[in-house]
Amino acid sequence: MRVDPLVAGPPSVSAEPHSPIEQAPINRLARVLRGKARAIFLAALLIGMAFVPRLLGLADFYTYDEAEHWPPRVQAFAEALRDHDWAATNQTGHPGVTTMWLGAVGLWLGRVDAPESTNSGAAYLATLRFPVALMNGLAVVLGYLLARRLVGEYVALLACMLWAASPFLIAHGRILHVDGLLTSWMSLSLLWLLHVPAWQHGDRPTAAHGYREWIALLGSGICAGMALLTKSPALILLPCAGLLLLWASPERRWRRIAAVTLRVCTWLGTAALVVLALWPAMWVAPWPSIQSVYNELIANGARPHPDGSFFLGRPVSDPGWLFYPIVLAWRSDPLTLIGLVLLPLALLRRRGERRYLLALGGFVLLFGALMSAGPKKFDRYLLPIWPAIELLAAAGLVAAGQLCRTLAPNRWRTAARHHAWLGGLGAAALCATLISGWASFHPYELAYFNPLLGGSAIGSRMLLVGWGEGLDLVGAWLRERPDLSVGPVMARNPLALKPFVPTPVLDMTASAFKQPVNYTVLYISNVERQEDRVIAARIEQTQPLARVILHGITYATIYQLPRPYTQPTDSMFGGWLHLRGVSQAQVGSTLIITPSWDIQANQPGGLMCFVHVISADGQRVAQADTPLDQGLFADWQAGQQFGFPIEVALPRLADSRSYRIVLGVYDRRSGKRLAVTSGARLPESVDGPEVIGLAAPRSP
């Protein structure tokens with residue numbers, strides 16, 4: 001027998017694969033890491049989609065309501081808080097408290113005062129807007145966290161991506177106003193309400209689930225209180241909460257009444273405490289504060305808008321019951337509209353989520369019906385149902401995707417499992433589609449209409465368009481005009497244009513024509529409503545100088561008004577230079593003649609106007625030559641109006657009635673006079689060719 005000695009050596013390495021027991025921790029760790037990476041990626045994606053479009057470039061245009069109402073209200077609210085003048089925090093019956101709180105936070109963080117110059121106006125507004133836009137972006141992320149426990153991760157993610165990228169929601173989520181915040185608070189309140197455990201378990205929650213019910217009720221109540229502090233349509237949450245809690249209650253008979261009453265009281269009490277805590281006016285003057293909300297609801301919301309509306313191509317006072325369905329169709333994006341069409345698939349296939357989808361659908365129908373009952377209608381009044389609409393649409397899209405996957409051939413499904421990059425490619429394409437929807441319109445998302453239904457060109461004929469967007473571009477064009485300082489600008493809503501124009505801006509009224517007005521602006525919403533048609537017809541007698549066109553919609557048309565005159569002449573030089581008339585005044589021995597020129601065709605500039613004083617014996621005793629435009633423009637555009645005064649030093653005349661004044665135009669480069677093609681042309685013997693006569697000067 002041989003015994004081999006033990007030789008120490010390196011341990012043997014087996015080529016055998018690890019046993020399942022050895023592989024399990026590794027696989028679990030890999031899955032956890034992949035899951036965390038995926039969660040981080042999705043969170044970053046959703047946060048970016050929610051915040052970037054709402055916070056990017058806030059210093060753009062003023063909406064009408066921002067220009068006229070909200071910055072002054074924020075300033076007064078902040079001053080009332082500083083001075084402990086609690087009653088003065090009741091600034092409006094909306095009541096708009098959350099908007100004013102957030103705007104005041106912007107004031108405090110930015111440490112800014114009201115703008116003193118044109119250039120600082122947009123930056124000041126951006127400071128006030130920032131906390132509002134931040135809150136509306138945060139609502140998207142919170143909405144995803146709430147919705148994923150109700151309708152599943154895929155539906156919730158897709159819905160909140162649609163919510164984040166909806167141009168209609170972005171447009172109202174980045175301005176200093178109430179409707180975007182109302183949408184956020186009402187949506188969060190509704191989603192919290194659907195987290196009551198009775199909804200999730202179908203029977204009475206156990207003691208282990210009791211805290212979830214209280215958290216859901218308190219969360220929903222807090223958001224409901226914030227919604228009530230924002231705008232009075234949040235009152236619709238009261239019947240919605242009662243009906244949803246009654247539907248979700250698993251108790252029977254009298255126990256059901258007691259349980260529902262307790263839940264409703266908890267919810268309502270929480271909302272009331274939030275209102276009381278955050279609205280200081282309720283501490284010292286509760287009844288006047290409540291009365292102001294009631295008056296706003298009745299006096300403002302229960303009657304048509306004083307300027308009317310526009311619907312289906314014509315001005316109307318009340319658009320009627322068809323208005324909000326049209327708003328939903330044209331203001332939504334293509335994926336949302338397609339998802340709503342596919343919603344029945346979700347109701348049939350996604351049975352576990354059917355109750356939530358039906359609850360969301362019920363809220364949409366109830367809110368839409370109540371809004372349609374009122375005579376005053378704007379598309380933004382439908383905003384609070386939009387996140388619910390996105391959830392319903394996402395459920396329809398996901399259900400359709402699952403059906404397609406089920407019906408797909410086996411080889412396609414096998415290829416999809418083995419090529420995971422296909423799913424990533426599809427997700428990237430979806431993100432690109434959603435992002436391009438708002439990016440191509442930013443910052444004028446208000447101009448967006450569903451491209452499936454004809455886009456902006458058709459949508460602007462269906463619904464009222466124009467809330468101040470584009471007036472910043474009007475201001476930029478006017479600031480480049482060398483003759484802007486000649487006179488004030490006139491517009492129908494002057495406060496929305498004033499921050500962008502360094503000259504007085506007058507309201508478009510008949511009295512404004514009593515003083516010399518330089519430029520005037522006709523805006524699309526006023527044109528669609530056919531406001532001030534007499535004034536508009538007077539303005540449109542001249543040719544427009546510029547148009548602001550956004551995505552096929554002509555938002556603003558800029559005109560220059562004729563210069564005033566006292567003596568009509570109605571003469572034409574060269575077939576395109578119209579002299580409407582002149583004004584004449586004499587100061588001492590100086591004669592001042594101010595012509596009113598109307599350029600009727602595009603021409604090079606450089607023409608000179610001359611005024612000659614001719615004595616009775618045909619001698620020229622005084623003269624003055626001056627550029628028609630004071631040398632301000634190299635080229636002239638049809639529609640321009642010039643009216644610069646011409647000063648003539650008069651000699652001492654024995655008899656001024658025997659003298660006459662003649663006027664003509666010549667080219668400075670060639671010295672050749674322009675032909676008088678119409679009007680009272682004088683004989684050449686008076687002062688040469690191509691002149692017209694004016695009234696004789698008065699005695700000095």
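- Aromatic ring centres of Tyr64 and His69: separated by at least 6.0 Å.
- With contacts defined as side-chain heavy-atom distances shorter than 4.5 Å, the pair Ile458/Trp330 qualifies.
- A donor-acceptor pair is defined here as one N or O able to donate and one able to accept, closer than 3.5 Å; no such pair exists between the side chain of Arg263 and the backbone of Gly242.
- Judged by distance alone, the side chain of Asn450 and the main-chain N or O of Leu452 form a donor-acceptor pair under 3.5 Å.
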>> Show, in sequence, the C-alpha distance, side-chain angles and deciding distance for Trp192 and Ile222, and conclude whether the side-chain contact (heavy atoms from CB on, under 4.5 Å) test is met.
In response: CA-CA 10 Å; Trp192 267 118; Ile222 290 172; over 6 Å; no

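- Using a 30° and 60° split on the angle between ring planes, Trp467 and His177 fall in the perpendicular class, above 60°.
- For the residue pair Glu296 and Ser232, no side-chain donor N or O sits within less than 3.5 Å of a side-chain acceptor on the partner.
- With values rounded to the nearest 0.5 angstrom, Trp287 atom CH2 is found 11.0 Å from Ser289 atom OG.
- Ser220 places no side-chain N or O within 3.5 Å of a backbone atom of Ala216 that could act as its donor or acceptor partner.
- A donor-acceptor pair is defined here as one N or O able to donate and one able to accept, closer than 3.5 Å; no such pair exists between the side chain of His94 and the backbone of Val293.
- Here CG of Leu191 is found 13.0 Å from CZ of Arg149. Values are rounded to the nearest 0.5 Å.
- Side-chain contact between Phe77 and Gln75 is absent, with no heavy-atom pair separated by less than 4.5 Å.
- In terms of modelled atom types and a separation under 3.5 Å, the side chain of Lys377 and the main chain of Ser372 share a donor-acceptor contact.
- Under the 6.0 Å cut-off for aromatic ring centres, Tyr144 and Trp163 do not qualify, their centroids lying 6.0 Å or more apart.
- Under the 6.0 Å distance and 45° angle rule, Arg331 does not count as a cation-pi partner of Tyr448.
- Leu358 contributes atom CG, which lies 5.0 Å from atom CH2 of Trp247 (distance to the nearest 0.5 angstrom).
- For the pair Ala346 and Ala395, the tightest heavy-atom approach, listed with the atom from each and the gap, is CB-O, 3.4 Å.
- Remark: side-chain polar atoms of Asp85 are not paired, donor with acceptor, to backbone N or O of Leu81 under 3.5 angstrom.
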>> Before you tell me yes or no, could you show the steps for Glu66 and Thr63 under side chain to side chain donor-acceptor pair (under 3.5 Å), namely the whole-Å CA-CA distance, both residues' side-chain angles and the distance that decides it to 0.1 Å?
In response: CA-CA 5 Å; Glu66 287 176 305; Thr63 64; 2.9 Å; yes

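- In this structure the side chain of Ile175 never reaches within 4.5 angstrom of the side chain of Tyr62, judged on heavy atoms.
- Taken to the nearest 0.5 Å, the CD atom of Gln91 stands 8.0 Å off from the OG1 atom of Thr89.
- The backbone N or O of Ala496 sits nowhere less than 3.5 Å from a side-chain atom of Asn493 that would complete a donor-acceptor pair.
- In this model, no donor atom of one side chain and acceptor atom of the other lie less than 3.5 Å apart for Ser292 and Asn295.
- Between Met135 and Leu102 there is a side-chain heavy-atom pair separated by less than 4.5 Å.
- Considering Thr127, Leu58, Thr99 as possible partners of Leu176, the one that fulfils the side-chain contact (heavy atoms from CB on, under 4.5 Å) test is Thr99.
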>> Run Phe449 and Met462 through side-chain contact (heavy atoms from CB on, under 4.5 Å) and show every step you take.
In response: CA-CA 10 Å; Phe449 289 91; Met462 305 289 290; over 6 Å; no

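- Between the side chain of Arg529 and the main chain of Pro315, no donor-acceptor pair closer than 3.5 Å is present.
- Within the 4.5 Å cutoff, no side-chain heavy atoms of Trp70 are placed close to those of Leu128.
- Ser332 places a side-chain N or O within 3.5 Å of a backbone atom of Leu328 that can act as its donor or acceptor partner.
- The closest side-chain heavy-atom distance from Leu158 to Val398 is below 4.5 Å.
- A heavy-atom distance below 4.5 Å is found between the side chains of Leu109 and Val105.
- Closest non-hydrogen pair, Ser184 versus Asn136, comes out as OG-OD1, 2.7 Å.
- The six-membered or imidazole ring of Phe441 lies away from that of Tyr444, with a centre-to-centre distance of 6.0 Å or more.
- Ionic pairing of Asp65 and Arg73 is not present here: no N-O contact between side-chain nitrogen and carboxylate oxygen is shorter than 4.0 angstrom.
- In this structure, CH2 on Trp185 lies 7.0 Å from CG on Leu188, to the nearest 0.5 angstrom.
- The minimum heavy-atom distance between Pro384 and Phe363, with the atom names listed, is O-CE2, 3.8 Å.
- A distance of 11.0 Å separates OG of Ser309 from NZ of Lys376, quoted to the nearest 0.5 Å.
- Distance alone, capped at 3.5 Å, places no donor-acceptor pair between the Ser317 side chain and the Gly308 backbone.
- Between Cys240 and Leu366 the shortest side-chain heavy-atom distance falls below 4.5 Å.
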>> Between Val178 and Thr98, does the side-chain contact (heavy atoms from CB on, under 4.5 Å) criterion hold? Intermediate values first, please.
In response: CA-CA 8 Å; Val178 291; Thr98 58; over 6 Å; no

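- Using a 30° and 60° split on the angle between ring planes, His84 and Trp86 fall in the parallel class, below 30°.
- When every heavy atom of Gly225 is checked against every heavy atom of Val275, the shortest pair comes out as O-CG2, 3.7 Å.
- The side-chain contact (heavy atoms from CB on, under 4.5 Å) with Glu390 is formed by just one residue from the set Ile385, Leu162, Val140; it is Leu162.
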>> The test is side-chain contact (heavy atoms from CB on, under 4.5 Å); show your working for Cys265 and Thr261 and say whether it passes.
In response: CA-CA 6 Å; Cys265 289; Thr261 302; 4.0 Å; yes

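- Across Leu229 and Val274, no two heavy atoms sit closer than the pair CD1-O, 3.9 Å.
- Atom CZ of Arg303 sits in a sparse spot, with 12 or fewer heavy atoms from other residues, nucleotides or ligands closer than 6.0 Å.
- The two residues Arg54 and Ala133 have their closest heavy-atom pair at O-CB, 3.2 Å.
- With sequence neighbours excluded, the residues forming a side chain to side chain donor-acceptor pair (under 3.5 Å) with Glu445 are His442, listed by chain and number.
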